[in-house]
Amino acid sequence: MRVPLSWLRQYCDPPLSAREIADRLDLTGTEVSRVERVGVGDPDGFVVGRVELVAPHPNADRLSVCVVDDGSGSPRTIVCGAPNVAAGQTVAVALPGALMPNGEPLAEATLRGITSSGMILAEDEVGIGEDHAGIMVLGDGAQPGAPLAEHLPIADDVLDLEIAPNRPDCLAVYGVAREVHAATGAPLGVDPTTYDAEPSGEDSAEQHASVKIADPDVCLRFTARVFEDVKVGPSPLWLKACLTAAGQRPISNVVDITNYVMLLCGQPLHAFDLDRVRGASIVVRKAHDGEKMTTLDGVERTFQSPTALVCDAEGPSGIGGIMGGAVSEVSGSTTRVLMEAATWVGTNILSSSSLLGLRTEASTRFEKQLHPDLAMAAQRLAARLLVEVCGARLVPGAIDAYPAPVEPLLVPLRPERVGRLLGVQIPQEEIVAILEQLGFELSGVESGDLLFAVPSWRSADVQREADLIEEVGRIHGLDRLPITLPERPLAVGRLTPAQALRRGIEDVMRDRGLSEVVAYSFTSPGTLERLRLGGEEPVALANPLSEDQSVMRPLLLPGLLDAARHNAARGRPDAWLFESAHVYAPGGGERTDGAGPRGATPAVERHHLAALLPGDGPSGWRTAPSPTDFYACKALLEAVLNAAGVEARVEPEQQSFLHPGRSAAAVANDGSRLGWLGEVHPEVAAEWDLEAATAFELDVDLLAELAPGPAPYRDVPSYPADVQDIAVVVPEETQAAEVESAVREGGGELLDTVRVFDVYHGEQVGEGKRSLALRLEFRAPDRTLTDEEVAALRDRIEARLAAIGGQLRA
Amino acid sequence: MEVQEPPVYVIVPGKCYRRDSDATHTPMFHQVEGLAVDEDITLADLKGVLLEFARAIFGREREIRLRSSYFPFTEPSVEVDVSCFACGGSGTLADGSRDPLCKGSGWIEILGAGMVDPNLYGFVADKGYDPERVQGFAFGMGIERIAMLRHGVPDLRMFFDNDLRFLEQFG
């Protein structure tokens with residue numbers, strides 16, 4: 001909403017600068033996005049002049065040489081190109097040196113041999129309108145030499161306001177004046193809709209037209225007045241100037257009046273050429289599906305229910321509350337006008353305007369729900385202007401279809417509640433004074449409660465005690481609130497165990513030199529195809545920005561691959577990356593009661609941790625880079641499991657996007673699958689322009705469920721361990737984990753630790769076999785083990801190994 | 001509030017989505033939201049908590065101001081500005097030029113907040129939230145937006161490019 005300050009000051013004029021007014025509005029809830037300077041650079045140098053003589057230019061057909069009285073006593077010569085210049089006119093003159101709207105000073109110019117000392121102005125030259133067909137002719141009463149700014153708003157400040165959706169009353173100059181009044185205490189001028197025009201004639205509006213609301217669920221009130229002898233033409237300068245400064249193009253006096261009334265009091269109006277309203281009868285109803293009409297902007301539009309249409313005897317003549325129709329548009333030949341001021345159901349306007357893809361000044365106001373009282377108020381102001389500006393005759397009476405008049409609203413306020421909510425006690429007299437300044441009326445006191453009548457222009461927004469308290473708080477001044485902290489000394493924040501676990505494992509990743517990335521939760525179906533993921537359909541977005549961001553990711557890997565490619569292309573091929581975030585699967589979420597938006601079942605969200613290790617990984621000045629391979633990846637995953645305190649084994653498993661022989665699953669001791677690890681399939685890596693990479697991804701929610709509580713104390717061993725190294729030859733396909741568990745079975749409780757420390761392939765172990773070296777530590781809590789005891793355990797281990805095809809090497 | 005009886009004091013970071021993409025909007029971003037509901041929480045308490053927050057993030061010398069605003073879920077609603085840390089709140093830089101960060105106003109908008117709208121308690125009345133008895137505040141702020149202000153990052157989308165040359169600056 002653009003509010004020209006000169007217009008605002010007609011209704012509330014505090015002794016403050018534009019910036020100061022903007023600041024007060026800003027703090028009290030009317031956001032000012034900027035203060036704009038419009039019009040000429042400086043009003044000095046612009047004066048009223050009178051044309052004394054006009055003579056044709058000797059050397060140019062289209063130019064005139066004018067002698068202009070500028071009040072200085074010595075008339076000046078001005079060359080003018082306008083066809084309408086004539087002696088006796090009172091005109092607007094820019095003197096040489098005057099700062100024009102573009103910031104440039106006006107220079108004396110010699111035009112075909114005659115020096116012009118100044119310029120007679122057209123509307124567009126001072127930013128009042130768009131007309132450049134001729135010069136402006138000012139009304140009588142302006143004295144030559146008087147500053148032009150006293151007669152025309154040639155320079156103004158415009159407040160550009162961001163009006164909150166609950167304040168349609170502030171989409172109006174007078175509404176903003178009310179706010180300035182409450183925020184500054186400066187007096188408020190009389191409501192411009194107070195006085196009505198004098199009707200004349202013996203007829204009545206009902207004799208000229210009829211109005212019926214067929215669907216009261218889309219239209220609360222429809223008022224209409226009839227005007228005859230209307231002279232349609234350009235608007236007077238003051239009206240053009242107001243509209244132009246507020247950002248509206250002047251069109252014709254009748255249309256300009258409807259816009260002026262809307263901008264001043266917030267109620268959109270529509271003027272019909274009554275002679276083009278077929279049957280002179282209006283019916284307001286919902287559209288039939290597929291119904292068509294051409295709107296004022298020349299576009300043929302198709303409607304569907306429940307969009308509201310204003311129809312005449314033969315069909316649609318306008319879209320209710322959004323835009324009029326071409327069929328009944330006011331034109332230069334119009335003499336009879338039917339003025340509509342209606343109240344539409346806001347939610348229906350909002351959905352209709354989005355359905356039509358058509359938002360207008362009218363719809364942005366109606367969609368916020370205007371009060372029906374405003375319709376008749378706007379008729380009064382419009383009538384005065386039509387009579388004054390267009391010489392119209394107001395036909396007596398008004399047509400008023402208002403099926404269910406709205407009752408005034410009373411809201412109780414307990415004064416002590418103000419202090420309880422805001423944290424500062426405000427005296428009752430001040431509470432009442434603030435609310436009265438805002439237009440609320442104290443209509444009574446009931447057992448200590450103050451009963452306030454809500455003014456019509458605030459009815460959509462203020463309905464409860466809390467709403468009244470907000471009004472008191474903002475005008476009293478939020479800057480005057482004390483600064484306190486909640487009095488709850490025992491409220492101490494902490495992380496949940498799952499959150500603490502997440503942070504712990506993220507720290508492990510960081511400590512190992514990995515960089516954390518944050519990728520979008522979205523991915524594309526194409527990306528999932530490149531990972532060769534079949535199976536379950538991902539969660540699809542209803543309204544995606546692009547195909548690239550059209551589904552929710554079912555795993556973290558694609559984001560890491562994208563990030564690795566991005567960095568590899570920028571000279572960082574060995575950036576080891578991880579992400580800790582949610583992944584998404586369709587349906588079956590915790591809420592199955594259909595409580596999601598539009599009855600949707602929420603997606604299943606799990607928290608995952610994934611790492612991608614391309615290239616050689618990070619290195620330091622004394623640590624060589626360690627090439628990525630299955631074991632580096634597994635070591636990292638084990639570090640995570642270790643930090644979580646969860647024991648798990650690694651079992652072979654195929655994944656479409658992993659190398660078939662170098663992929664595995666991490667399985668917890670209770671058999672639940674925690675995630676996958678392995679070498680990214682070379683073809684997948686190539687899709688992302690990566691040489692080679694390994695990766696893993698774990699379900700952290702599951703990890704948190706399995707994580708044990710605090711570790712129980714075990715006695716510090718006081719007897720020495722017997723350490724033995726063994727080498728086992730096993731078939732190539734036998735997993736180290738299998739070997740380890742066979743060793744553990746054989747060793748029993750006295751086998752304290754088992755660790756694989758070497759793998760050997762070679763001739764000595766034979767084709768299709770490999771040798772694993774293990775370090776075993778035997779220990780008893782209560783004695784030193786004898787050689788015989790340990791030898792017996794070794795025999796049992798050997799037997800278990802033999803059962804899985806293993807053989808001890810000498 | 002659906003699962004816990006009052007009082008409740010929580011701080012909730014999380015991902016948010018919106019259909020928008022330019023230098024100051026990404027389709028996914030992060031918010032931190034806070035909620036304190038108890039018997040005696042006031043708007044003045046909100047002011048105190050947010051002042052502590054602003055000073056922790058932007059420096060001990062910072063002040064905040066509350067501007068009246070509108071959100072459908074709070075009443076009263078406020079927008080919160082922090083005094084500009086580039087110009088110290090004067091709007092003018094040391095060389096006399098207009099501070100581009102706060103556009104000369106001396107204040108930077110950082111978050112929206114307010115007192116929980118009493119209607120909201122109606123949805124969790126079965127957990128003991130009676131608007132006659134409990135009241136509280138809520139606030140929400142964009143993490144990337146705060147980080148952009150604090151570190152002078154020019155484009156919100158950079159947070160999601162995952163370029164190491166960017167990430168390592170804040171490691």
Side-chain angles (χ1 to χ4, degrees), chain A residues 23 26-31 34 164-167 419-424 461 464-467 469-471 473-475 478-479 481-488 491 493 510 515-522 541 543-546 549 559-560 562-564 566-567 570 572 575 577 579 581-582, chain B residues 7 9-11 14-15 17 19-21 26-28 30 36 38 40-52 64-72 74-79 81 103 105 107 109 114-115 117-119 131-132 135-137 144 159-165 167-168 171:
Chain A
D23 285 346
D26 232 347
L27 290 175
T28 52
T30 312
E31 193 177 337
R34 64 204 170 111
N166 63 329
R167 295 301 302 272
R420 203 191 133 181
L421 196 67
L422 299 180
V424 62
D461 169 41
R464 306 161 305 166
E465 185 178 55
D467 304 328
I469 296 175
E470 171 166 51
E471 297 300 308
R474 73 186 179 92
I475 299 299
L478 297 172
D479 52 332
L481 284 185
I483 292 169
T484 55
L485 287 172
E487 288 182 36
R488 180 161 283 264
R510 187 202 55 202
S515 295
E516 180 169 9
V517 305
V518 177
Y520 287 122
S521 302
F522 325 110
L541 300 192
N543 192 14
L545 262 179
S546 69
Q549 301 183 332
L560 290 168
D562 289 346
H566 176 97
N567 285 297
R570 286 157 184 80
R572 302 290 294 271
L577 306 170
E579 183 170 13
H582 281 197
Chain B
Y9 292 79
V10 287
I11 184 99
K15 289 192 166 102
Y17 302 93
R19 201 175 181 284
D20 236 339
S21 183
T26 48
M28 182 187 91
H30 293 82
D38 208 331
D40 51 4
I41 300 284
T42 67
L43 189 61
D45 290 338
L46 172 65
K47 201 171 171 182
V49 167
L50 294 176
L51 179 63
E52 281 302 308
I64 61 164
R65 72 171 184 184
L66 271 44
R67 282 180 293 115
S68 180
S69 185
Y70 171 76
F71 302 109
T74 46
E75 190 81 28
S77 301
V78 294
E79 303 225 50
D81 298 340
K103 302 190 182 74
S105 73
W107 295 96
E109 183 181 325
M115 299 301 286
D117 192 296
N119 286 359
E132 283 296 301
Q135 58 187 43
F137 62 68
E144 288 89 358
F159 288 96
F160 304 100
D161 284 345
N162 295 315
D163 192 310
L164 285 182
R165 294 166 301 179
L167 297 178
E168 285 170 355

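Chain identifiers are assigned alphabetically (A, B, ...) following the order of the sequence lines, protein sequences preceding nucleic acid strands; residue numbering begins at 1 within each chain.
By the 4.5 Å heavy-atom criterion applied to side chains, A/Val518 and B/His30 are counted as neighbours. Within the 4.5 Å cutoff, no side-chain heavy atoms of B/Asn162 are placed close to those of A/Glu579. Counting heavy atoms from C-beta outward, A/Asn567 and B/Asp163 have side chains that approach closer than 4.5 Å. Residues A/Leu545 and B/Ser21 form a side-chain contact, since some pair of their non-hydrogen atoms from C-beta on lies under 4.5 Å apart.
When the candidates B/Asp161, B/Asp40, B/Ile41 are compared by the number of heavy-atom contacts under 4.5 Å with chain A, B/Asp161 comes out ahead. Between chain B and the options A/Glu31, A/Arg464, A/Arg34, A/Arg570, the largest number of non-hydrogen pairs under 4.5 Å is found for A/Arg464. Your options are A/Ile469, A/Asp23, A/Asp467, and the one with the most heavy-atom pairs under 4.5 Å with chain B is A/Asp467. When the candidates A/Asp26, A/Thr30, A/Asp479, A/Asp562 are compared by the number of heavy-atom contacts under 4.5 Å with chain B, A/Asp26 comes out ahead. For chain A, the option among B/Glu132, B/Lys15, B/Glu79 with the highest count of heavy-atom pairs below 4.5 Å is B/Glu132.
Here the CG atom belonging to B/Leu46 is positioned 9.5 Å from the OG1 atom belonging to A/Thr484, to the nearest 0.5 angstrom. Interatomic distance, CG of A/Leu27 versus CG of B/Leu66, reported as 9.5 Å (0.5 Å rounding). Atom CG of A/Asp461 and atom OH of B/Tyr70 lie 7.5 Å apart (nearest 0.5 Å). If you take CG on B/Leu167 and OG on A/Ser515, they are separated by 6.5 Å, rounding to the nearest 0.5 Å.
Looking at A/Leu577, only its side chain comes within 4.5 Å of chain B, counting heavy atoms on both sides. Heavy atoms of A/Glu471 lying under 4.5 Å from chain B are absent altogether. Only the backbone of A/Thr28 has a heavy atom closer than 4.5 Å to any heavy atom of chain B. Only the backbone of B/Asp20 comes within less than 4.5 Å of a heavy atom in chain A; its side chain stays farther off. Interface residue B/Tyr17: only side-chain heavy atoms are found under 4.5 Å from chain A. For chain A, the nearby parts of B/Ser77 are the backbone and the side chain; heavy atoms of each come within less than 4.5 Å. With a threshold of 4.5 angstrom between heavy atoms, A/Arg420 approaches chain B through its backbone and through its side chain. In this structure, chain A has no heavy atom under 4.5 Å from any part of B/Pro72. Neither the backbone nor the side chain of B/Val10 comes within contact range of chain A; no heavy atoms are under 4.5 Å apart. Heavy-atom distances place the side chain of B/Leu51, and not its backbone, under 4.5 Å from chain A.
What you find for A/Pro482 and B/Lys47 is that their closest heavy atoms are O-CD, 3.9 Å. Closest approach of B/Ala44 to A/Leu481, counting heavy atoms only: N-CD1, 4.4 Å. Here the closest non-hydrogen pair linking B/Arg67 and A/Leu478 is C-CD1, 3.7 Å. Scanning both residues, A/Leu485 and B/Gly48, for their nearest heavy atoms gives CD2-C, 3.5 Å. Minimum interatomic distance between A/Glu470 and B/Ser68 (heavy atoms only, all atoms of both residues): OE2-OG, 4.4 Å.
At distances below 3.5 Å, at least one donor-acceptor pair connects side-chain atoms of B/Arg19 with backbone N or O atoms of A/Asn543.
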